[in-house]
Amino acid sequence: MRLFALLILLLSPLGHAGQFLQPDNLFPKVKFITSHGEIIVELDRSRAPLTVNNFLSYVKKNAYNNTVFHRLIPEFVLQGGGYTPDFKAIETLKPVFNESGNGLKNQLGTIAMARLTDPHSADSQFYFNLNDNVSLDPGSRWGYAVFGQVVSGMEVLEQIQQVETEVSEKLGWPDVPKEPIILKMVILLPQE
């Protein structure tokens, strides 16, 4: 385990403190406290170590606290981790290397990193898969890196899918929830 922890430390980008959180735990769990209920996610450091450490760095900084899920496409994805309720971007760390080839699939109930066209542009934003989304998996092109699985709270995601969305006049973005879906806090749960 110590060799694994050292390897993670060496591979993790500078400025990412997540590598120091439960470094010997391959499957840390986090609790998302939302305005619609709680979701517990088991992260997979064995398959996506850089991505998990990146995510945990934001958790450690409390960067996700009091942010919004700004994109909801029912039966597809719920995206968050990037904006405050007044749509100001949160401060981000350096982008993380795309680990989409790790064998984890964009299936219902998984969490993955959102990114731009550049495959290695993911920083703070993540999404929950609300369906099996094969089109987001790698193939002849880079996919989107899955790094965990919901283990409790799927009913919360089901409830959130009922929220009406619109094109935001202020931002010009489609699929913005009319009623803000607040991510109040993300907490790293004690190691079992």
Side-chain angles (χ1 to χ4, degrees), residues 3-23 25-28 30 32 41-65 67-73 76-84 87-150 171-175 183 186 188:
L3 179 60
F4 175 77
L6 179 61
L7 181 62
I8 293 302
L9 177 65
L10 293 174
L11 290 176
S12 295
L14 295 175
H16 287 215
Q19 66 211 19
F20 301 113
L21 300 177
Q22 299 180 9
N25 186 359
L26 292 178
F27 302 98
V30 291
F32 290 73
V41 174
E42 181 178 80
L43 306 176
D44 192 340
R45 203 180 244 151
S46 72
R47 296 272 188 95
L50 302 177
T51 307
V52 169
N53 287 344
N54 173 68
F55 181 81
L56 289 176
S57 294
Y58 288 101
V59 172
K60 181 175 174 56
K61 289 175 38 172
N62 297 316
Y64 293 133
N65 296 359
T67 59
V68 291
F69 287 97
H70 64 278
R71 182 176 180 223
L72 169 62
I73 304 175
F76 184 52
V77 297
L78 173 66
Q79 186 172 332
Y83 300 96
T84 63
F87 293 100
K88 289 193 172 120
I90 69 168
E91 185 179 329
T92 59
L93 302 170
K94 286 175 38 179
V96 66
F97 181 81
N98 187 328
E99 294 179 298
S100 64
N102 62 18
L104 298 174
K105 303 294 183 196
N106 281 275
Q107 296 173 327
L108 175 65
T110 57
I111 187 171
M113 292 304 292
R115 62 172 174 80
L116 303 171
T117 307
D118 174 354
H120 307 293
S121 59
D123 47 45
S124 67
Q125 292 189 39
F126 59 87
Y127 63 89
F128 287 104
N129 280 292
L130 303 177
N131 208 335
D132 291 343
N133 294 317
V134 178
S135 65
L136 302 178
D137 291 334
S140 60
R141 55 166 182 68
W142 286 91
Y144 293 77
V146 174
F147 64 100
Q149 172 77 44
V150 173
L171 304 167
W173 299 347
D175 309 309
L183 178 51
V186 181
L188 176 62

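Quantities reported herein were computed from a predicted structural model and do not represent experimental measurements.
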Are the side chain of Asn106 and the backbone of Leu136 linked by a donor-acceptor contact shorter than 3.5 Å? yes

Test item: Thr110 side-chain N/O and Val146 main-chain N/O as donor-acceptor pair under 3.5 Å: no

Per ring pair (Phe, Tyr, Trp, His ring centres under 6.0 Å), Tyr83 is matched among Trp173, Phe69, Tyr64 by Trp173

Check the angle between the aromatic planes of Tyr127 and Tyr144 and answer parallel, tilted or perpendicular using the 30° and 60° thresholds. perpendicular

Starting at NZ of Lys88, measure out to OG1 of Thr67 and round the result to the nearest 0.5 Å. 15.0 Å

Using ring centroids (six-membered ring only for Trp), state whether Phe126 and Tyr58 fall under 6.0 Å. no

Are Leu21 and Pro28 close enough that some pair of their side-chain heavy atoms sits under 4.5 Å apart? no

If we count only N and O atoms by modelled type, under 3.5 Å, do the side chains of Asp44 and Ser46 hold a donor and an acceptor together? yes

Quick one: list whatever passes side-chain contact (heavy atoms from CB on, under 4.5 Å) with Asp175, sequence neighbours left out. Arg71, Ile73

Short question: side chain of Asn98, backbone of Pro119 - any donor-acceptor pair under 3.5 Å? yes

Flag side-chain contact, heavy atom, 4.5 Å: Val30 against Leu56: yes

Looking at every heavy atom in both Leu104 and Arg47, which two are closest together, and how far apart are they? CD2-NH1, 3.4 Å

Side-chain donor or acceptor of Asp137 paired with backbone N/O of Lys105 under 3.5 Å: no

With heavy-atom distances below 4.5 Å as the criterion, would you say the side chains of Arg115 and Trp142 are in contact? yes

Do the side chain of Asn131 and the main chain of Asn133 share a donor and acceptor less than 3.5 angstrom apart? no

After noting the C-alpha distance and the side-chain angles of Asn25 and Arg45, does the key distance pass the side-chain hydrogen bond (donor to acceptor under 3.5 Å, both in side chains) rule? CA-CA 8 Å; Asn25 186 359; Arg45 203 180 244 151; over 6 Å; no

For Leu50, is there any backbone N or O sitting under 3.5 Å from a side-chain donor or acceptor partner on Glu99? yes

How about Phe128 and Val41: do any of their side-chain heavy atoms sit closer than 4.5 Å? yes

Non-hydrogen atoms of Gly82 and Ser124 that approach each other most closely: CA-OG, 4.1 Å

I'd like to check the side-chain contact (heavy atoms from CB on, under 4.5 Å) partners of Asn62; sequence neighbours left out, ordered by chain and number. Asn65

How close do Met113 and Gln125 get, counting heavy atoms only, and between which atoms? CE-O, 3.3 Å

Would you say Pro95 and His120 make side-chain contact, with heavy atoms under 4.5 Å? no

